[in-house]
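First the structure, in the form of structure tokens, and then the observations on it.
The basis for the numbers below is simple: all heavy atoms, side chains too, and nothing from hydrogens, waters or symmetry mates. By convention here, the first residue in the shown sequence is residue 1.
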Amino acid sequence: MISAYQQVRGGAQVLHEEALLLVVALANAAGLGFERFMTHFAPHLRVGLQNYEEVQVCLTTTRMVGDLCTALEGRIAGYCDAQRIQ
């Protein structure tokens with residue numbers, strides 16, 4: 001869904017709030033199992049955190065970090081390094 005939205009927006013690095021909420025729900029349901037998706041999702045998470053011009057998306061992404069911390073427990077630390085999620 002995130003990739004499709006980016007294609008519609010001309011390939012711009014943008015996120016849609018509903019897509020983020022879907023990912024949060026998936027992470028909460030999957031718990032530690034969500035870690036297998038983090039390598040694919042982490043770059044999108046970074047874009048959302050850097051997208052301060054889209055206030056709602058940035059706020060949703062910021063809240064999402066807390067949900068991911070809960071779902072992934074201590075394993076979120078490996079995704080906090082900016083070099084790993086580029």
### Query
Got Phe41 and Leu20 here, is their nearest side-chain heavy-atom distance under 4.5 Å?
yes
### Query
Roughly how far, to the nearest 0.5 Å, is CD of Glu54 from CG of Leu59?
11.5 Å
### Task
Output the distance between atom CG (Leu45) and atom CE (Met64), rounded to the nearest 0.5 Å.
6.5 Å
### Query
Same hydrophobic cluster for Val65 and Leu26, using side-chain heavy-atom links shorter than 4.5 Å among ILVMFWY?
yes
### Query
Between atom CZ of Arg63 and atom SG of Cys58, what is the distance when rounded to the nearest 0.5 Å?
10.0 Å
### Query
Any side-chain heavy atom of Phe34 within less than 4.5 Å of one from Leu68?
yes
### Task
Mind listing the closest non-hydrogen atom pair of Ala71 and Ala27 along with its distance?
CB-O, 3.4 Å
#### Entry: Close side-chain approach of Glu53 and Asn51, heavy atoms under 4.5 Å
yes
### Message
Can you tell me how far apart OG1 (Thr60) and CG (Leu21) are? Round to the nearest 0.5 Å.
### Response
5.5 Å
#### Entry: Closest non-hydrogen atom pair, Cys69 against Ile76
SG-CG2, 3.9 Å
### Query
Looking at CG of Asp67 and OG1 of Thr62, how far apart are the two atoms once the value is rounded to the nearest 0.5 Å?
11.5 Å
